[in-house]
Every structure is written in C-alpha cells, then in structure tokens.
Amino acid sequence: MAAKPRVKVPKSAAAGDIITLKTLISHKMESGQRKDGDGNPIPRDIINKFTCTFNGKPVFSCDMDPAVSANPYFEFKAKITEAGTFTFTWVDDAGEVTEMTKDIALK
Amino acid sequence: MNTSKRQFLGRTLGVSAGMAITALLGSTRALASVEDVQKAIAEFTGGKAPAEGVVTLTTPEIAENGNSVPVSVSVESPMSEDDYVESVMILAEDNPSALVATFHFTPASGEAVASTRMRLARTQNVLAVAKMSNGDVYSATNNIKVTIGGCGG
C-alpha cells in the first residue's frame with residue numbers, strides 16, 4: 001500500500017552538528033471513521049509506526065493513530081557524531097514494512 | 001471525502017433540511033470523552049499531573065482544512081545521556097479518538113523537536129504532553145479553529 005518514501009538528509013555534517021531530517025511517505029491513512037457510498041464503514045488502514053535509527057541506534061520514532069494526516073510527514077532532528085547510515089522504517093496495519101536508508105559523511 | 005453525505009444531501013429537497021440533518025449527524029457522532037483524554041494522559045504519565053511550561057506547541061490559530069493541520073512540538077532539554085525527553089504525546093480533545101501521535105526521542109535526537117500533520121474533526125484544544133527521562137511531566141495546550149473538519153463525518 002505504501003509507495004516509495006521521500007527522505008531529506010544532508011549529504012554531510014560536521015561532528016557535533018544537529019541536523020534536520022524530513023520524511024514523507026504516500027499512504028491513504030484510512031481512519032476507520034469513514035463510510036463508503038453504501039454506508040458501510042471503511043476499515044482502518046494506517047501506518048502505525050515510524051522509526052529512524054542511525055548506525056543501528058534509535059534516533060526518533062513515532063506511534064501513529066488515525067488522526068495523523070494522509071501521506072504522513074515528519075520533521076525531526078539528529079545529532080551527528082560519526083559518519084554512517086540512517087535507516088527509516090514505516091510499518092502499516094497490514095504489517096507491510098517500508099524501509100529506506102541514507103548515508104551521511106563527516107565534513 | 002464522504003460520498004454518502006454528498007449523495008444524501010444531493011437527494012434532499014431543501015438546503016435547510018440538509019443542514020438540519022448535518023447537525024443531527026454531527027451531534028450523534030461518537031467523540032472522545034473528557035474521561036478518555038484524562039485516562040490516556042494518566043496512562044502516559046503514570047498518574048503524574050503535568051506541569052505547565054518547558055513544552056512549546058506550535059499550531060496555526062485557524063486551520064482551513066482539518067484534513068491536514070501542521071503541528072510542531074519543541075521541548076527544552078539538554079538531551080544528554082541522563083537528562084533527555086523520552087516521549088511527547090499529542091492529543092486532540094474533540095476528535096473521535098483523542099490520540100494523534102506519540103513521538104519518542106533519544107539523546108541521539110540532539111533536540112526534542114518534531115513536526116507532523118494531523119486531522120482535526122472540529123474547532124478544539126490540542127494538547128502536547130512531554131515525559132522526561134527523570135519522570136517529570138509537562139504539557140502545553142493550543143486552541144485551533146477548524147473551518148472544515150477532517151474526519152470524513
């Protein structure tokens with residue numbers, strides 16, 4: 001269900017810098033509150049968990065409820081102490097996992 | 001978009017009849033109760049009453065579209081190994097389900113700052129409750145006026 005995510009990470013940063021990360025993923029985030037044309041409830045289908053790790057260590061994560069808008073967007077910070085790889089993971093109600101990685105170098 | 005209401009309203013004869021029915025539907029829709037909100041906060045904080053301050057919640061005063069309302073939280077903290085912000089819970093008091101999202105930070109976050117976009121059913125208060133690594137709890141509340149609700153009701 002989830003399409004290719006878009007992630008914005010600086011290519012490089014100086015050690016000790018706090019950088020801003022931005023992520024966006026396409027997902028309809030069906031809330032479970034809506035009804036279809038015949039009045040039947042549309043079942044809930046949302047991404048319920050987003051995680052960001054750096055070299056395997058947790059940086060930021062978010063538990064989502066149906067009140068998060070469609071195509072969930074996140075902006076958050078990370079402190080860079082070494083070069084490495086960010087891993088971004090999205091998990092939806094159906095258990096589908098979308099993963100993306102981005103490298104960052106030291107200046 | 002809720003097609004059922006559209007189709008239904010399309011079939012009703014007068015605008016006033018449509019409005020009356022909309023009002024009726026609005027009043028019968030299940031909403032998160034005050035107790036639910038209190039319970040969610042108590043579970044999150046472990047029963048501790050949140051203090052004012054430390055948390056900054058940034059939201060628009062007026063949201064024209066309740067389907068996508070930007071929300072940012074920022075919590076003052078050194079974000080060191082033994083003094084950091086563990087998590088921040090966002091709640092919308094008058095949504096069908098009050099919980100919006102819970103952010104989890106670590107010392108590797110550098111700053112306890114995060115933004116996302118949320119749905120709001122109607123004009124209401126939005127709360128941010130922050131839990132620190134030492135167990136302290138802080139909160140902030142903002143009122144947001146919503147022109148068009150975003151829960152498809």
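What you see below is based on every heavy atom in this structure, not just the backbone, and it leaves out hydrogens, waters and symmetry mates. Bear in mind that the values here come from a model prediction, so they are computed numbers and not experimental data. Lettering follows sequence order; numbering is per chain, from 1.
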So which of Val69(B), Ile90(B), Thr102(B), Val88(B) has the biggest tally of heavy-atom pairs under 4.5 Å with chain A? Thr102(B)
Residue Leu24(A) versus chain B: region with a heavy atom under 4.5 Å: side chain
Bottom line for Pro72(A): the part with an atom under 4.5 Å from chain B's heavy atoms is neither
Taking only residues two or more places apart in sequence or in another chain, which ones pass side chain to side chain contact (heavy atoms under 4.5 Å, CB included) with Asn65(B)? Asn67(B)
Which residues in residues 108-118 of chain B have any heavy atom lying under 4.5 Å from a heavy atom of chain A? Ala108(B), Ser109(B), Gly110(B), Glu111(B), Val113(B), Ala114(B), Ser115(B), Thr116(B), Arg117(B), Met118(B)
Tell me, do Met29(A) and Met64(A) make a side-chain contact under 4.5 Å, heavy atoms counted? yes
For Phe50(A), ring pair (Phe, Tyr, Trp, His ring centres under 6.0 Å) partners two or more places apart: Phe74(A), Phe76(A), Trp90(A)
Would you tabulate the side-chain donor-acceptor contacts of residues 37-62 of chain B under 3.5 Å, counting partners in other chains and residues two or more places apart, or write 'none'?
from     : atom 1 : to        : atom 2 : distance (Å)
Thr45(B) : OG1    : Ile41(B)  : O      : 3.0
Thr45(B) : OG1    : Gly47(B)  : N      : 3.3
Thr45(B) : OG1    : Lys48(B)  : N      : 3.3
Thr45(B) : OG1    : Lys48(B)  : O      : 3.0
Lys48(B) : NZ     : Gly135(B) : O      : 3.4
Lys48(B) : NZ     : Asp136(B) : OD1    : 3.4
Thr59(B) : OG1    : Asn142(B) : ND2    : 2.9

Do Gln124(B) and Asn143(B) have a side chain donor and acceptor closer than 3.5 Å? no
Just by distance, with hydrogens left out, do Asn48(A) and Asp63(A) show a side-chain donor and acceptor under 3.5 Å apart? no
Examine whether an atom of Phe54(A) lies under 4.5 Å from a heavy atom of chain B, and if so say whether it belongs to the side chain, the backbone or both; otherwise answer neither. neither
Tell me whether Glu30(A) is salt-bridged to Arg119(B), with the criterion being a basic N under 4.0 Å from an acidic carboxylate O. no
Is there a donor-acceptor contact under 3.5 Å linking the side chains of Thr123(B) and Lys145(B)? no
